[in-house]
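Data first, discussion second: the structure below is written as structure tokens.
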Amino acid sequence: MSVNLRVVWAPLLASAALAGITATVLGMPATWLLGWAGLLLLLLALVARWSPVRSGTVAGVLGLVAVSVWPLPLVWETGSWLDLCGVAGFWAVPALGAALAGGYLRRQATRMEQAVHDARRDQQLELARDLHDFVAHDVSAIVVQAQAARFVAERDPGQAVRALERIETAGLSALASMDRTVHALQEAAGGPTAPVPGLARLPELVERFEGGALDADPVAVRELSREADTTAYRVAVEALTNVRRHAPGAAVVRVAVRRAGAGTELSVTNSAAPRGGGGLLARRRRGGTGLAGLRARVEAAGGTLRAGTDEDGGWRVCAVFPAQENAPR
């Protein structure tokens, strides 16, 4: 309903209520007053549903009074004060019922609007996490490789060319991540969508990471549910991104997927970075959604996440997910 109509209902009810009270005082025919009371009941429901609270309350009180007093002239001469109060109270019940019906519809509409608002907010947070988890990883790789190419270009042009190739690969991956984000927006609008990457793309991810080593048990990967699979891939992306940001000089980065008891464990471990090896990227960018948001994702998939200093002074991120029921062993 348009905003103009929302504003109109309260003044319309107030005018109709005053007219009804005046007609009651002037002694208009009972059939005419009864029809007028029915109109007031309809307006009461509309005001309770649509009107602003302040003006709607004033108009609602006038409407309640008008509906309650219309039959009083019929019993004024023969009835006692108790009879008059009883008649007014009797006709106040349908007036209150109309107001409650309109208020109920208003409450339901408000709850629906809040649900839509919350869903949109969740979607926005999801997109923000996707951008952080995937695009930031590839952009960090581009920055690191560009820094490396700048220092080796004069001494070893061949290394610079390979760095440019890695920059190209990371740029294409960032574009693919942006495409997935656009597909997610299209899905929200009813359009087609693209699958979210899982651990099947883990070898490609580690291959793009210079110095990375992968040890993945195919059986452990197959035991993951779809949600845990995509979440585990996000853990790997976030952990490798943090290595690039905060420990770009780390000589060894190991990614492992193995069975752990009744579940599957994904771990990303990097050796300690040399002192002063943080580089421009580490100094310029610190933070993001970070481990807190990642831990929430892992727990939502039924797993647990641990992160901390390793025995050799490096950093280790470990996520354990429950095995999927009826998964192949």
Side-chain angles (χ1 to χ4, degrees), residues 1-129 184-191 193 296 300:
M1 184 169 291
S2 67
V3 177
N4 290 336
L5 283 180
R6 292 185 181 187
V7 175
V8 162
W9 289 124
L12 184 60
L13 174 59
S15 301
L18 292 174
I21 294 173
T22 303
T24 300
V25 173
L26 295 178
M28 296 295 290
T31 54
W32 188 93
L33 291 175
L34 180 60
W36 197 256
L39 175 63
L40 291 175
L41 292 176
L42 176 61
L43 290 175
L44 272 170
L46 291 174
V47 166
R49 170 64 182 89
W50 295 108
S51 293
V53 175
R54 180 175 298 180
S55 60
T57 301
V58 174
V61 170
L62 290 175
L64 176 63
V65 172
V67 172
S68 301
V69 303
W70 82 263
L72 294 185
L74 301 179
V75 294
W76 185 266
E77 296 181 356
T78 59
S80 63
W81 282 104
L82 184 61
D83 294 332
L84 294 176
C85 292
V87 170
F90 177 83
W91 278 96
V93 171
L96 291 173
L100 289 175
Y104 174 78
L105 294 176
R106 186 191 193 104
R107 179 173 178 271
Q108 291 298 103
T110 301
R111 293 179 62 182
M112 185 176 298
E113 291 174 0
Q114 185 63 40
V116 172
H117 177 271
D118 292 342
R120 288 177 178 174
R121 181 176 178 274
D122 291 342
Q123 185 184 54
Q124 290 169 352
L125 292 175
E126 181 76 15
L127 292 175
R129 286 191 292 262
L185 291 172
Q186 291 177 340
E187 180 187 16
T193 183

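The residues of the chain are indexed from 1 along the displayed sequence.
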What are the two closest heavy atoms between [X] and [Y], and how far apart are they?
X	Y	result
Leu64	Ala92	CD1-O, 3.8 Å
Val47	Trp9	CG2-O, 3.4 Å
Gly103	Ala48	N-CB, 3.6 Å
Trp36	Ala16	NE1-O, 2.8 Å
Ser51	Ala10	OG-N, 3.4 Å
Pro71	Val87	CG-CG1, 3.3 Å

Item checked: Sole candidate of Leu39, Leu43, Leu40 that passes side chain to side chain contact (heavy atoms under 4.5 Å, CB included) when paired with Val67 ->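 By the side chain to side chain contact (heavy atoms under 4.5 Å, CB included) criterion, Val67 pairs with just one of Leu39, Leu43, Leu40: Leu40.
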
Quick one: are [X] and [Y] in side-chain contact, heavy atoms under 4.5 Å?
X	Y	answer
Val69	Leu72	yes
Leu13	Leu62	no
Trp91	Trp70	yes

Check: So which pairs with a foot in residues 98-116 pass side chain to side chain donor-acceptor pair (under 3.5 Å), sequence neighbours left out?
Finding: Gln114-Asp118

